[in-house]
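Everything on this sheet refers to the single structure shown next.
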Amino acid sequence: MTLTGFSGIVVVILFVGTMIAFYLIKRDADRTELREIRGYRKLTREIGRSVESGTQMHLSLGWGGITGSESASALAGLSILKQIIKESAVCDYPPVASSGDATVAILSEDTIRDTSQAINIQTGHRSTGELVGLTPFSYAAGTLTTIRSPQVSANVLTGWYGNEVIYLTSAGERQGTPVIAGTADLPSQAIMYASATDPLIGEELFVGGAYLGGGKIYEASVNAQDIFRWIVIGLILLGAVLNLLGVMDPFSSLLGGVR
Amino acid sequence: MNLKFRALISTAIVIGVGVIVLAGYFLPAITAVRFILLRAGLVLAAVALLVGIINLVGIHLRKLSSDQSNSGYSLILVIALTITLIVGAADMFQTYMFGKPNFQMIKWVFTYIHLPIETSLMAVTAVSLIYAAAYILRERLNVFSIIFFFVIILVLLTSFSISSNLLPILQSARNWIVGVPALAGGRGLLIGVALGSIATGLRILTGIDRPYGG
């Protein structure tokens, strides 16, 4: 086994261990003080509004699949979809989920159907997981009709996008419906920051479960992320100091695949 | 009960396969097993594409029958999909039955219909991005938005093919912004995204998040 492989296993085990430790030490009554993220506050409000007005939320899962580096965004979007369904259990219409990848479309349909069944919602509606196009621009063009539907009261864009995301955010703006948007792709994050009403920056996309009432384990996952962030910051600073002192940076060789 | 049993089975399969694939990255001894599972995953993804296209056609046929305001687009989509499917099938038939070369008709469809449409959308994107830059100043006027806007203007100006001798200070400012704060900020965001991705992956691997049902 390479040193990199060994350090990878250690990181994975430590991450899971930290999550479980936070989950166990937290009592049910304890509530983690999470910093406020405007996008999730708005999303919670919009869920309530859609319940009251009998409208639908639209969740766009982007065109990324689940086999590449873009998968985490779509999976985070599916987690948010699940929480939206739970929160809007008494809503007349389940949220509509659009995606540009066939596997994610099937997963979104599964998520809507199984979450509805698990919390005993008798929707009586047809499935609302849609594959709308298989290339970035055809996906954007297909999703525009959903965003422009008068039945849709808010849009949540959580998935993998390219520059074409501007069509989706600006369509929401023209329609007068809020657009809460986050992605893992950096250039698209810049576009979302400029054009979405409520952008989710960086890791904010991945903490939806904790902010939308997913429960203790999601909050424990956010705690673990925070701990590891501080560890990474510490290692970067230590590496910089060692470099300044002329000592060889041990982390470069650790991450560089030395046996 | 049926749902719970199905969820149990699917969760066990996901956790088992996920652990093997993850371990395959770190332990060379099981790399071969990882590749077998990944290949099986790719085959399933290809089948999912077929299911997805059936889903796509079904949704648009429903939109057509329900007389929605956007049903014209659905009609165009169904017609275009049918024609492309027929052209592709004819091409495949010619190639494999008569040995004639080589997906010419479907290439024509992509080169002269699909590609120009996507290229023209790409061109419009540039205009839309400038509109977005103006939108941020109108809707969210604060210090960060103003910095964001002026950095865009600076980078745009210095990216044109104007000689750097004409705008030496701006060029240096651009190089510093792109090389120091933008790079540092980008790396910071990527670290956050990486940690979020690890957390999301591990939640799925441990069965906490189950986007596959249950």
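Because the structure is predicted, anything quoted here is derived from the model rather than measured. Only this structure's heavy atoms are used, side chains among them; waters, hydrogens and symmetry mates stay out. A, B, ... follow the sequence lines: proteins, then strands. Residue 1 opens every chain.
- Residue Glu139(B): no heavy atom, backbone or side chain, is found under 4.5 Å from chain A.
- Atom OG1 of Thr206(B) sits about 7.5 Å away from atom CD1 of Ile20(A), to the nearest 0.5 Å.
- For chain B, the option among Ile217(A), Leu81(A), Val222(A), Leu205(A) with the highest count of heavy-atom pairs below 4.5 Å is Ile217(A).
- Looking at Val47(B), neither its backbone nor its side chain comes within 4.5 Å of chain A, counting heavy atoms on both sides.
- Using a 4.5 Å cut-off between heavy atoms, Leu78(A) contacts chain B through its side chain alone, with no backbone atom that close.
- Proximity to chain B involves both the backbone and the side chain of Thr145(A), based on heavy atoms less than 4.5 angstrom apart.
- Of the atoms belonging to Phe149(B), not a single heavy atom falls under 4.5 Å from chain A.
- Each of Gly202(A), Ala194(A), Ala102(A) has some count of heavy-atom pairs under 4.5 Å with chain B, and the biggest count is that of Ala194(A).
- Contacts of Leu134(A) with chain B are made by side-chain atoms alone, with heavy-atom separations under 4.5 Å and no backbone atom involved.
- For Val12(A), the parts sitting under 4.5 Å from any heavy atom of chain B are the backbone and the side chain alike.
- By the 4.5 Å heavy-atom criterion applied to side chains, Tyr135(B) and Thr197(A) are counted as neighbours.
- The number of heavy atoms from other shown groups lying within 6.0 Å of OH (Tyr131(B)) is above 12.
- Closest approach of Ala48(B) and Thr103(A) over heavy atoms only: CB-OG1, 3.9 Å.
- The contact between Tyr167(A) and chain B is made entirely by side chain atoms (from C-beta outward), counting heavy-atom distances below 4.5 Å.
- Counting non-hydrogen atoms of other residues, nucleotides and ligands closer than 6.0 Å to CZ of Phe148(B) gives a total above 12.
- The residue among Ser79(A), Gly142(A), Gly65(A) with the most heavy atom pairs within less than 4.5 Å of chain B is Ser79(A).
- Contact of Ile204(B) with chain A is made through the side chain alone, with heavy-atom distances under 4.5 Å.
- In plain terms, the two heavy atoms of Gly196(B) and Gln225(A) that are nearest each other are CA-NE2, 3.6 Å.
- Among the candidates Ser74(B), Ala199(B), Ala194(B), the residue making the largest number of heavy-atom pairs closer than 4.5 Å to chain A is Ala199(B).
- Only the backbone of Ala196(A) comes within contact range of chain B, judged by heavy atoms closer than 4.5 Å.
- Closest approach of Leu56(B) and Gly133(A) over heavy atoms only: CD1-N, 4.5 Å.
- From Thr200(B), atom OG1 reaches atom CG of Leu75(A) across 7.5 Å, with rounding to the nearest 0.5 Å.
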Walk me through whether Thr111(A) and Arg210(B) qualify under side-chain contact (heavy atoms from CB on, under 4.5 Å).
CA-CA 8 Å; Thr111(A) 303; Arg210(B) 293 186 295 274; over 6 Å; no
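- Proximity to chain A (any heavy atom under 4.5 Å) is shown, for Thr125(B), by both the backbone and the side chain.
- Of the listed residues Gly214(A), Gly215(A), Pro150(A), Ala190(A), the one with more heavy-atom pairs under 4.5 angstrom with chain B than any other is Ala190(A).
- For a residue to count as touching a neighbouring chain, one of its non-hydrogen atoms must lie under 4.5 Å from one of that chain's; by this rule Tyr25(B) does not touch chain A.
- Interface remark: His114(B) contributes side-chain atoms only to the contact with chain A (heavy atom separation under 4.5 Å).
- Looking at Leu22(B), the atoms closer than 4.5 Å to chain A (heavy atoms on both sides) all sit in the side chain, from C-beta outward.
- Of all the listed residues (Val132(A), Thr135(A), Val104(A), Asp101(A)), the one sharing the greatest number of non-hydrogen pairs under 4.5 Å with chain B is Thr135(A).
- With chain A as partner, the option from Leu205(B), Leu189(B), Ile117(B) having the largest number of non-hydrogen pairs under 4.5 angstrom is Leu189(B).
- Remark: Ser221(A) OG to Ile208(B) CD1 distance equals 7.5 Å, nearest 0.5 Å.
- Residue contact with chain A, scored on non-hydrogen atoms closer than 4.5 Å, involves the backbone and the side chain of Leu121(B) alike.
- With a 4.5 angstrom heavy-atom cutoff, Val16(A) touches chain B via backbone and side-chain atoms both.
- In this structure, the separation between CG on Leu195(B) and CZ on Arg229(A) is 6.0 Å, given to the nearest 0.5 Å.
- Heavy atoms of Arg138(B) lying under 4.5 Å from chain A belong exclusively to its side chain.
- Residues Ala132(B) and Ile166(A) come closest through the heavy atom pair CB-CD1, 3.3 Å.
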Start with the C-alpha distance between Ile191(B) and Ile236(A), add both sets of side-chain angles, then the distance that settles side-chain contact (heavy atoms from CB on, under 4.5 Å), and finish with yes or no.
CA-CA 11 Å; Ile191(B) 288 171; Ile236(A) 289 172; 3.6 Å; yes
Using side-chain contact (heavy atoms from CB on, under 4.5 Å), reason through Met122(B) and Glu164(A) one step at a time and then give a plain yes or no.
CA-CA 8 Å; Met122(B) 179 74 94; Glu164(A) 75 289 337; over 6 Å; no
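- Contact of Leu129(B) with chain A is made through backbone and side chain together, with heavy-atom distances under 4.5 Å.
- Looking at Ile191(A), only its side chain comes within 4.5 Å of chain B, counting heavy atoms on both sides.
- At a 4.5 Å heavy-atom cutoff, Ala105(A) makes no contact with chain B through either its backbone or its side chain.
- Neither the backbone nor the side chain of Glu204(A) comes within contact range of chain B, judged by heavy atoms closer than 4.5 Å.
- Residue Pro187(A): no heavy atom, backbone or side chain, is found under 4.5 Å from chain B.
- A cation-pi geometry, defined here as NZ or CZ lying under 6.0 Å from the six-membered ring centre and within 45° of its normal, holds between Arg140(B) and Tyr193(A).
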Given Val193(B) and Glu203(A), is the side-chain contact (heavy atoms from CB on, under 4.5 Å) satisfied, shown in steps?
CA-CA 5 Å; Val193(B) 167; Glu203(A) 77 275 18; 5.8 Å; no
Hey, mind stepping through Phe6(A) and Phe26(B) against ring-ring contact (aromatic ring centres under 6.0 Å, His included) and telling me if it holds?
CA-CA 7 Å; Phe6(A) 178 72; Phe26(B) 306 128; over 10 Å; no
